[in-house]
Amino acid sequence: MKTNHLIDPTFFFDAIEEFSFNYPIYVVNKSPIVDDYGNTKLEYTKSTIRGSLQIQTSREQQSKTGNTREITYMFYCKSLYRIDVGDIIEYDNNYLRCYETHPYDEFGCREASLKVIQLTGYRDFADYLKYLKGEKLI
């Protein structure tokens, strides 16, 4: 006789909550604005997300042209929170951009991959941060 085992989904919620913190998140508007010159401008909205941030890899490359460091994180959150590609989480004076998400599983948990970014490569986001600090009008 074969029996089906049921797993209580609240177990996964409890496991995530055990290691969760609140993080500032900058959610990218999914409908970018195109100006008169054909340039795409992204808009962000600041919010808070609760989840568990775990470092996955830290890689350093040394070369004659300059040293680089790449850090990748995994972010786990409950299904009631939303994170998508392009959203940015602030952590430890770094900005982590979501580049990959994994769908909710049958227990309602979410997993996302994030990488540390340099603000020089994300001008629209850097301008938004200056706006939040009162340094720039948009």
Side-chain angles (χ1 to χ4, degrees):
M1 184 166 124
K2 191 174 188 178
T3 61
N4 291 334
H5 296 284
L6 295 175
I7 297 175
D8 183 7
T10 58
F11 170 78
F12 293 102
F13 278 15
D14 292 342
I16 289 173
E17 187 59 36
E18 185 71 26
F19 302 99
S20 289
F21 295 95
N22 290 333
Y23 297 96
I25 185 171
Y26 303 91
V27 180
V28 68
N29 182 356
K30 301 305 178 216
S31 302
I33 297 170
V34 179
D35 66 11
D36 296 336
Y37 303 104
N39 298 322
T40 302
K41 183 168 176 69
L42 298 176
E43 288 186 332
Y44 295 87
T45 305
K46 185 176 181 182
S47 188
T48 301
I49 191 167
R50 185 166 181 81
S52 176
L53 188 62
Q54 307 293 321
I55 191 164
Q56 185 179 23
T57 59
S58 180
R59 181 178 317 147
E60 189 172 317
Q61 287 184 299
Q62 297 179 352
S63 70
K64 293 179 182 178
T65 58
N67 299 337
T68 59
R69 188 168 183 204
E70 181 180 293
I71 304 172
T72 306
Y73 291 87
M74 294 302 291
F75 184 77
Y76 303 94
C77 61
K78 299 176 191 176
S79 59
L80 58 107
Y81 292 101
R82 301 286 188 246
I83 185 169
D84 207 353
V85 173
D87 295 345
I88 298 172
I89 290 179
E90 185 177 348
Y91 170 69
D92 196 26
N93 293 323
N94 288 310
Y95 296 98
L96 314 174
R97 185 175 185 274
C98 178
Y99 68 91
E100 181 179 52
T101 59
H102 304 277
Y104 296 105
D105 63 16
E106 65 269 22
F107 304 111
C109 298
R110 182 89 184 225
E111 178 182 88
S113 301
L114 303 116
K115 283 187 183 176
V116 174
I117 61 169
Q118 299 299 318
L119 291 180
T120 54
Y122 296 87
R123 187 171 160 202
D124 293 339
F125 180 64
D127 287 345
Y128 180 67
L129 291 176
K130 288 180 182 176
Y131 166 73
L132 290 178
K133 294 176 185 175
E135 297 173 3
K136 184 174 185 174
L137 294 176
I138 295 181

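In this chain, residues are counted from 1 in sequence order. Note that the structure is a prediction, hence the values are computed from the model and not measured.
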Item to check | side-chain contact (heavy atoms from CB on, under 4.5 Å), paired with Glu43, selected from Asn29, Val27, Val28 | outcome: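 Among Asn29, Val27, Val28, the one meeting side-chain contact (heavy atoms from CB on, under 4.5 Å) with Glu43 is Asn29.
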From the list Ile33, Thr40, Leu42, side-chain contact (heavy atoms from CB on, under 4.5 Å) partner of Asp124 resolves to Leu42
Is there a continuous path of hydrophobic side-chain contacts, each under 4.5 Å between heavy atoms, that joins [X] to [Y]?
X	Y	value
Ile117	Val85	no
Ile71	Ile83	yes
Phe125	Tyr131	yes
Val34	Tyr44	no
Tyr76	Ile55	no

If you count the non-hydrogen atoms of other residues, nucleotides and ligands that lie under 6.0 Å from CD in Glu135, is the total more than 12?
->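 For Glu135, atom CD is crowded (more than 12 foreign heavy atoms under 6.0 Å).
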May I ask you to check whether over 12 heavy atoms, not counting those of Phe19, lie within 6.0 Å of atom CZ? no
As an exercise, state the distance from [atom1] of [X] to [atom2] of [Y], rounded to the nearest 0.5 Å.
X	Y	atom1	atom2	answer
Gln54	Glu111	CD	CD	11.0 Å
Tyr26	Cys98	OH	SG	16.0 Å
Arg110	Asp84	CZ	CG	6.0 Å
Leu53	Ile89	CG	CD1	6.5 Å
Arg82	Ile49	CZ	CD1	10.0 Å
Leu114	Tyr91	CG	OH	12.0 Å

- Might you work through the side chain to side chain contact (heavy atoms under 4.5 Å, CB included) test for Gln56 and Tyr73, ending with a clear yes or no? CA-CA 5 Å; Gln56 185 179 23; Tyr73 291 87; 6.0 Å; no
Quick check: closest heavy atoms across [X] and [Y], and the distance to 0.1 Å?
X	Y	answer
Arg97	Gly86	NH2-CA, 3.6 Å
Pro24	Lys46	CB-CE, 4.1 Å
Lys115	Tyr99	CG-CE2, 3.3 Å

Salt-bridge present (Asp35, Lys41; N to O < 4.0 Å):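 Result for this pair is no, no salt bridge flagged.
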> Can you check side chain to side chain contact (heavy atoms under 4.5 Å, CB included) on Arg50 and Lys78, steps first, answer last?
Replying inline: CA-CA 8 Å; Arg50 185 166 181 81; Lys78 299 176 191 176; over 6 Å; no
**Report entry** Check: Leu96 and Tyr23 side chains under 4.5 Å, non-hydrogen atoms
**Finding:** no
